[in-house]
K.L.:
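To start, I am sharing the structure in question, which I have written as structure tokens.
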Amino acid sequence: MNTDTTAPSNAPSTAMSPDDFDALDSILDGLRERHDEIPQWEFCEGFIAALVCCRRVILPSEYFPVLFGDGDNGGIATSSLFQDEAQFTQFMTLWTRRWNEVAQALGTPVESLDDERAYSPEVVDIRGAVACLSDEERADMGDDPLPSFGQVWALGFMFAVENWPEEWAPPRDRDAAKWLDESLETIVALSEDDTGEPTVSMYKEDGPPSVSEDRINLFGEGIWAVYDLAEIWRNIGPRVETVRKQAEPGRNDPCPCGSGKKYKKCHGAT
């Protein structure tokens with residue numbers, strides 16, 4: 001099983017359904033039973049958003065080993081990771097469809113996040129979901145802390161930023177650099193815990209309160225920050241590597257080829 005080394009296209013694709021996301025979750029859950037470093041889908045969702053608006057196109061052959069923590073033996077293209085070729089193909093098909101959806105959304109100008117064309121991260125209000133469980137079901141889950149709304153998505157986004165820091169280095173333009181910094185700061189804030197008073201449930205309309213009003217506002221700001229980041233790099237373009245020409249030796253210096261002759265009598269004479 002080999003990872004496709006081409007980047008997903010920006011061509012429109014059939015919209016992902018809840019069943020499609022469930023299928024992705026199921027595959028990742030199965031992989032996690034054998035490889036405990038496999039992340040949750042919400043983390044992958046943030047990771048995809050970061051790569052879509054990254055300054056450089058990063059190919060699957062480069063990013064999957066980072067995401068799945070399997071770089072030593074080739075990342076996703078290993079027989080030990082997926083059950084079989086069919087599961088690998090299903091995962092790559094769904095992954096590419098979601099990638100293209102995100103890329104299309106972030107490339108479409110919108111005035112409101114209520115626009116059906118706007119980027120809408122696939123995130124879950126875990127605290128709200130757990131609050132809707134019975135006392136017995138909650139007791140079975142233990143006392144592990146639950147992530148805040150949007151927190152895992154933001155952690156996935158920043159994971160990509162931290163692994164390719166050179167692609168997120170501030171540009172020379174002062175205004176663009178400030179814009180970049182403020183956008184990343186918003187996503188970093190979203191990666192932290194929601195300590196505000198819960199007022200609404202994002203999991204169920206009439207569910208127990210699990211998300212603060214400030215968190216809802218911050219989540220919206222985080223989505224706009226992703227749009228801003230994508231626009232920054234579209235305006236600036238790919239990073240250009242500086243080519244430094246090696247200084248030539250003086251005419252009477254020894255020739256660097258090791259012949260023992262003076263440069264002017266050797267390679268400097270050509």
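Count residues from 1 along the sequence.
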K.L.:
Could you work out, with ring-ring contact (aromatic ring centres under 6.0 Å, His included) as the rule, every residue matching Tyr119, not counting sequence neighbours?
P.N.:
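Tyr119 satisfies ring-ring contact (aromatic ring centres under 6.0 Å, His included) with no residue once adjacent residues are dropped.
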K.L.:
Please list every donor-acceptor pair under 3.5 Å in which a side-chain atom of residues 176-184 meets a protein atom from a residue at least two apart or in another chain.
P.N.:
from	atom 1	to	atom 2	distance (Å)
Trp179	NE1	Asp228	OD2	3.3
Ser183	OG	Trp179	O	2.9

K.L.:
Contact between Phe88 and Leu81 at the side-chain level, heavy atoms closer than 4.5 Å - yes or no?
P.N.:
no
K.L.:
Please assess Phe43 against Ile38 for the test side chain to side chain contact (heavy atoms under 4.5 Å, CB included), listing each intermediate value before the final yes or no.
P.N.:
CA-CA 10 Å; Phe43 188 94; Ile38 302 298; over 6 Å; no
K.L.:
Any heavy-atom pair between the side chains of Pro121 and Phe219 that's under 4.5 Å?
P.N.:
yes
K.L.:
List the atom of Glu42, the atom of Val124, and the distance in Å for their closest heavy-atom pair.
P.N.:
OE1-N, 3.2 Å
K.L.:
Taking the side chain as everything from C-beta on, heavy atoms only, tell me whether Ile126 gets closer than 4.5 Å to Gln151.
P.N.:
no
K.L.:
When rounded to the nearest 0.5 angstrom, what is the spacing between OG in Ser120 and CG in Asp114?
P.N.:
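The CG atom of Asp114 is 10.0 Å from OG of Ser120, to the nearest 0.5 Å.
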K.L.:
Return the orientation label for the Phe91 and Phe68 ring planes: parallel under 30°, perpendicular over 60°, tilted otherwise.
P.N.:
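Ring orientation of Phe91 relative to Phe68: tilted.
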K.L.:
Among all residues two or more places apart in sequence or in another chain, which pass the salt bridge (Lys or Arg N to Asp or Glu O under 4.0 Å) test with Glu231?
P.N.:
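Once residues adjacent in sequence are excluded, Glu231 has no partner under the salt bridge (Lys or Arg N to Asp or Glu O under 4.0 Å) criterion.
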K.L.:
Could you walk me through whether Cys53 and Phe157 pass the side chain to side chain contact (heavy atoms under 4.5 Å, CB included) test, one step at a time?
P.N.:
CA-CA 10 Å; Cys53 65; Phe157 191 103; 3.9 Å; yes
K.L.:
Please examine the side chains of Leu106 and Val102, heavy atoms only from C-beta on, and report whether any two atoms are closer than 4.5 Å.
P.N.:
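The answer is yes, as the side chains (C-beta and beyond) meet within the 4.5 Å cut-off.
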K.L.:
Between atom CD1 of Ile58 and atom CD of Glu167, what is the distance when rounded to the nearest 0.5 Å?
P.N.:
5.5 Å
K.L.:
List the steps and the verdict of side chain to side chain contact (heavy atoms under 4.5 Å, CB included) for Gln40 and Arg32.
P.N.:
CA-CA 9 Å; Gln40 300 285 341; Arg32 200 174 300 111; 3.6 Å; yes
K.L.:
Apply side chain to side chain contact (heavy atoms under 4.5 Å, CB included) to Thr199 and list each qualifying residue two or more places apart in sequence or on a separate chain.
P.N.:
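Result, side chain to side chain contact (heavy atoms under 4.5 Å, CB included) vs Thr199: Glu213.
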K.L.:
Give the minimum heavy-atom separation between Trp95 and Cys44, together with the two atoms involved.
P.N.:
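Result for this residue pair: CZ3-CB, 3.9 Å.
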K.L.:
About how many Å separate CG of Asp22 and CD1 of Ile27, when rounded to the nearest 0.5 Å?
P.N.:
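The CG atom of Asp22 is 11.5 Å from CD1 of Ile27, to the nearest 0.5 Å.
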K.L.:
Does Arg98 use its side chain to pair, donor to acceptor, with the backbone of Glu45 at less than 3.5 Å?
P.N.:
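No, because the side chain of Arg98 does not come within donor-acceptor range (under 3.5 Å) of the backbone of Glu45.
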K.L.:
Who pairs with Ser17 by side chain to side chain donor-acceptor pair (under 3.5 Å), at least two apart in sequence or on another chain?
P.N.:
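If we apply the side chain to side chain donor-acceptor pair (under 3.5 Å) test to Ser17, skipping adjacent residues, the hits are Asp20.
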K.L.:
Which heavy atom of Pro60 sits nearest a heavy atom of Pro65, and at what distance?
P.N.:
O-CD, 3.8 Å
K.L.:
Does the side chain of Val211 come within less than 4.5 Å of Asp125's, by heavy atoms?
P.N.:
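Yes, their side chains come closer than 4.5 Å.
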K.L.:
Specify the closest pair of heavy atoms between Gly150 and Leu190, including all atoms of both residues, with the distance to one decimal.
P.N.:
O-CG, 3.9 Å
K.L.:
Under 3.5 Å, side chain of Ser26 to main-chain N/O of Ala23, donor-acceptor pair present?
P.N.:
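No; zero donor-acceptor contacts below 3.5 Å.
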K.L.:
Taking side chain to side chain contact (heavy atoms under 4.5 Å, CB included) as the definition, give me every residue that meets it alongside Pro209, ordered by chain and number, with sequence neighbours left out.
P.N.:
Pro198
K.L.:
Taking atom CG of Leu24 and atom CG of Asp29, what is their separation to the nearest 0.5 Å?
P.N.:
10.5 Å
K.L.:
I need the Trp99 CH2 to Gln104 CD distance, nearest 0.5 Å.
P.N.:
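Between atom CH2 of Trp99 and atom CD of Gln104 there are 15.0 Å.
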K.L.:
Indicate the ring-plane relationship of Phe21 and Trp41, choosing parallel, tilted or perpendicular according to the 30° and 60° boundaries.
P.N.:
tilted
K.L.:
How far apart are the closest heavy atoms of Pro109 and Gly107, and which atoms are they?
P.N.:
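Heavy-atom minimum between the residues: CD-O, 3.7 Å.
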K.L.:
Under the rule for salt bridge (Lys or Arg N to Asp or Glu O under 4.0 Å), what residues qualify as partners of Asp135, not counting sequence neighbours?
P.N.:
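Asp135 satisfies salt bridge (Lys or Arg N to Asp or Glu O under 4.0 Å) with Arg138 only.
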K.L.:
If the condition is side chain to side chain donor-acceptor pair (under 3.5 Å), which residues does Glu62 pass it with, not counting sequence neighbours?
P.N.:
Arg56, Trp164
K.L.:
Mark yes or no for whether Arg215, through its side chain, and Phe149, through its backbone, hold a donor-acceptor pair below 3.5 Å.
P.N.:
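Between the backbone of Phe149 and the side chain of Arg215 there is a qualifying donor-acceptor contact (under 3.5 Å).
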K.L.:
Salt bridge (Lys or Arg N to Asp or Glu O under 4.0 Å) with Asp194: which residues, sequence neighbours excluded?
P.N.:
none
K.L.:
Residues in ring-ring contact (aromatic ring centres under 6.0 Å, His included) with Tyr203, at least two apart?
P.N.:
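ring-ring contact (aromatic ring centres under 6.0 Å, His included) check on Tyr203 returns nothing, list empty.
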K.L.:
Sequence neighbours left out, what passes side chain to side chain contact (heavy atoms under 4.5 Å, CB included) with Thr195? Give chain and number order.
P.N.:
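Asp193.
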K.L.:
Determine whether Phe64 and Met92 make a side-chain contact, defined as any pair of heavy atoms from C-beta on separated by less than 4.5 Å.
P.N.:
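In short, these two side chains touch, coming nearer than 4.5 Å.
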K.L.:
Fit a plane to each ring of Tyr63 and Phe47, take the angle between them on a 0 to 90° scale, and name the class: parallel (under 30°), tilted (30 to 60°) or perpendicular (over 60°).
P.N.:
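The arrangement is perpendicular - the two ring planes meet at more than 60°.
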K.L.:
How many angstroms lie between atom CD of Glu101 and atom OG1 of Thr96, to the nearest 0.5 angstrom?
P.N.:
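OG1 of Thr96 is found 11.5 Å from CD of Glu101.
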K.L.:
Excluding sequence neighbours, so at least two apart, what forms side chain to side chain contact (heavy atoms under 4.5 Å, CB included) with Ser134?
P.N.:
Glu136, Glu137
K.L.:
Using side-chain heavy atoms (C-beta onward) and a distance below 4.5 Å, is Ser210 in contact with Met202?
P.N.:
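No, side chains not in contact.
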K.L.:
Hey, does Ile187 have a side-chain heavy atom less than 4.5 Å from the side chain of Leu229?
P.N.:
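SC-SC contact between Leu229 and Ile187 confirmed.
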K.L.:
Write down the atom of Ala160, the atom of Ala50, and the distance for their closest heavy-atom approach.
P.N.:
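In terms of heavy atoms, the two residues are closest at CB-CB, 3.6 Å.
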